[in-house]
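Chain identifiers are assigned alphabetically (A, B, ...) following the order of the sequence lines, protein sequences preceding nucleic acid strands; residue numbering begins at 1 within each chain.
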There are 2 protein chains.
Amino acid sequence: MAENENTNSERSVPDPVLNRIPLYLRIAEDLQGRGVETVSSRKLAQALGLTDGQVRADLVFFGAFGRPGVGYQTQHLVTELRRVVGIDRAQPVVLIGFGSIGRALTMYEGFEKRAFEIVAVFDRDPEKIGRPAGKCVVKDVSTLPEEVARLGVSMAILAVPAEAAQRLADQLADAGVTGLMNFAPAALKLPDHVAVMNVDLMLTLERLSLRMKVANRLKR
Amino acid sequence: MAENENTNSERSVPDPVLNRIPLYLRIAEDLQGRGVETVSSRKLAQALGLTDGQVRADLVFFGAFGRPGVGYQTQHLVTELRRVVGIDRAQPVVLIGFGSIGRALTMYEGFEKRAFEIVAVFDRDPEKIGRPAGKCVVKDVSTLPEEVARLGVSMAILAVPAEAAQRLADQLADAGVTGLMNFAPAALKLPDHVAVMNVDLMLTLERLSLRMKVANRLKR
DNA sequence: CGATGTGAATCGTTTCACAGCC
DNA sequence: GGCTGTGAAACGATTCACATCG
């Protein structure tokens, strides 16, 4: 068995920290790509608009990989954070919904640059089934449960209309998916062991609009 | 120190509250559409997985529109929150970048259902310029500043490669844009009076992956 | 010296309890 | 009785200061 080296799981990690870890990884990767060998918490903080103390406190949640007097070795930081985030090896992902958003995702180059790979695409529309979608061919969504189980995928992207989202999310959870990126404007109800990240474009626009209004108020 | 007689305007609203307000609006709209006339803070809270006290506290930031013993009138709540969010009337938006994401956005029906309207689309690629994009025609991005100024738009969606994002963001800010939804994986530096919402798909996937690994989800 | 890791203090948000209104 | 609005308490996250190590 591949040992799960401890990973401090005793303590629950605050949500804001979970959101920042991938940001640190991105900076570290950028520095590594530019040949920078070490980086201080202060540098990391400046790049992200945070304080150096916060950076150190965040990183310590996942183990102390810095050296006093020196800083963090970018190579080491990248390796460790990739492992922490779970992208130290390729992650297979299934995509459900080949509408405008789904299509854009299959064309998006970012996936391969990072460690994610879309291994199957599903849609309900007979018109779309059989069409090429990136490296895949669109499959009938009715085969979703068996395909997901067969592929052993644990991550899914849901890009379907709101009405269909809950039912498909349930199917995915039943088939063993434990992580879901949801583009549908729906508040999915799922078991606690399934992680969900909602990407709701209209909601985001409204939040932006609200911030613009609030800022205007403060300005007066 | 002079007194501020403006009660709400000077008070800064916590970020988490700003994120939740559009959620309340969505629930209220749904209830209104189903003919429900009043709703309690408890009902709103249950629909979103919050506490009733939190809902009340949040809404009070923007004025007290509830009635003790009764609750909130959905009609009133919708009207007020639409105004608060700034979608009580149509909001013109410009879209920069007609790649896979930009194209998906022009096809997305959600915009018109909500109060946003894409009034101009820009790209750099001569191949794409002149092509239809929703109700618009793709314009040369070199005309961006004058077009934005002419249209008087204050909201923009940036769906271009990371390398081009900062320069275009600067142009947009100079042209009077005060709200920006950014799809590029770049940490934009902009004046404080410009609100930015980042939608970074790879970052979101990494945050999802990290949450799947941590699975520290203790009970509610 | 420079920079980390850490516990203590500070800050802000959420929760609670209750007074007041319907 | 039901429900809001509100100040106070509780909680959690961020900042700070410092001991420690390279």
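Listed in residue order, the members of residues 64-74 of chain A having a heavy atom less than 4.0 Å from DNA chain C are A/A64, A/F65, A/G66, A/R67, A/P68, A/G69, A/V70, A/G71, A/Y72. In the region residues 22-39 of chain A, proximity to DNA chain C at under 4.0 angstrom, judged on heavy atoms, holds for none of the residues.
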Which atom pairs, one a donor and one an acceptor, fall under 3.5 Å between side chains of residues 60-70 of chain A and the rest of the protein, sequence neighbours left out?
none

May I have the list of side-chain donor-acceptor pairs in residues 175-189 of chain A shorter than 3.5 Å, sequence neighbours left out?
residue, atom, partner, partner atom, Å
A/N182, OD1, A/A184, N, 2.9
A/N182, ND2, A/A184, O, 3.1
A/N182, ND2, A/A186, O, 3.3
A/N182, ND2, A/N198, OD1, 2.9

Please tabulate, for the side chains in residues 85-103 of chain B, all donor-acceptor contacts under 3.5 angstrom to protein atoms that are two or more places apart in sequence or on a different chain.
residue, atom, partner, partner atom, Å
B/Q91, NE2, A/S209, OG, 3.0
B/Q91, NE2, B/G86, O, 2.8

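The side-chain hydrogen bond (donor to acceptor under 3.5 Å, both in side chains) test applied to A/Q54 returns no partner, not counting sequence neighbours. In this structure, the side-chain hydrogen bond (donor to acceptor under 3.5 Å, both in side chains) partners of A/D30, at least two apart in sequence or on a different chain, are A/R34. Legend: residues meeting side-chain hydrogen bond (donor to acceptor under 3.5 Å, both in side chains) with A/E29, ordered by chain and number and at least two apart, are A/R82, A/R114. Residues forming a salt bridge (Lys or Arg N to Asp or Glu O under 4.0 Å) with B/D15 (at least two apart in sequence, or on another chain): A/R211. Residues meeting the side-chain hydrogen bond (donor to acceptor under 3.5 Å, both in side chains) test with A/T51, sequence neighbours left out: none.
Extent of DNA chain D lying under 4.0 Å from chain A heavy atoms, first and last nucleotide in 5' to 3' order, is D/dA13 to D/dG22.
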List, with names and distances, any nitrogen or oxygen atoms from the protein found under 3.5 Å away from nitrogen or oxygen atoms belonging to nucleotides 13-18 of chain C.
residue, atom, partner, partner atom, Å
C/dT14, OP1, B/R20, NH1, 3.1
C/dT14, OP2, B/R20, NH2, 3.0
C/dT14, O5', B/Q54, NE2, 3.3
C/dT15, OP2, B/T51, OG1, 3.2
C/dT15, OP2, B/Q54, OE1, 3.2

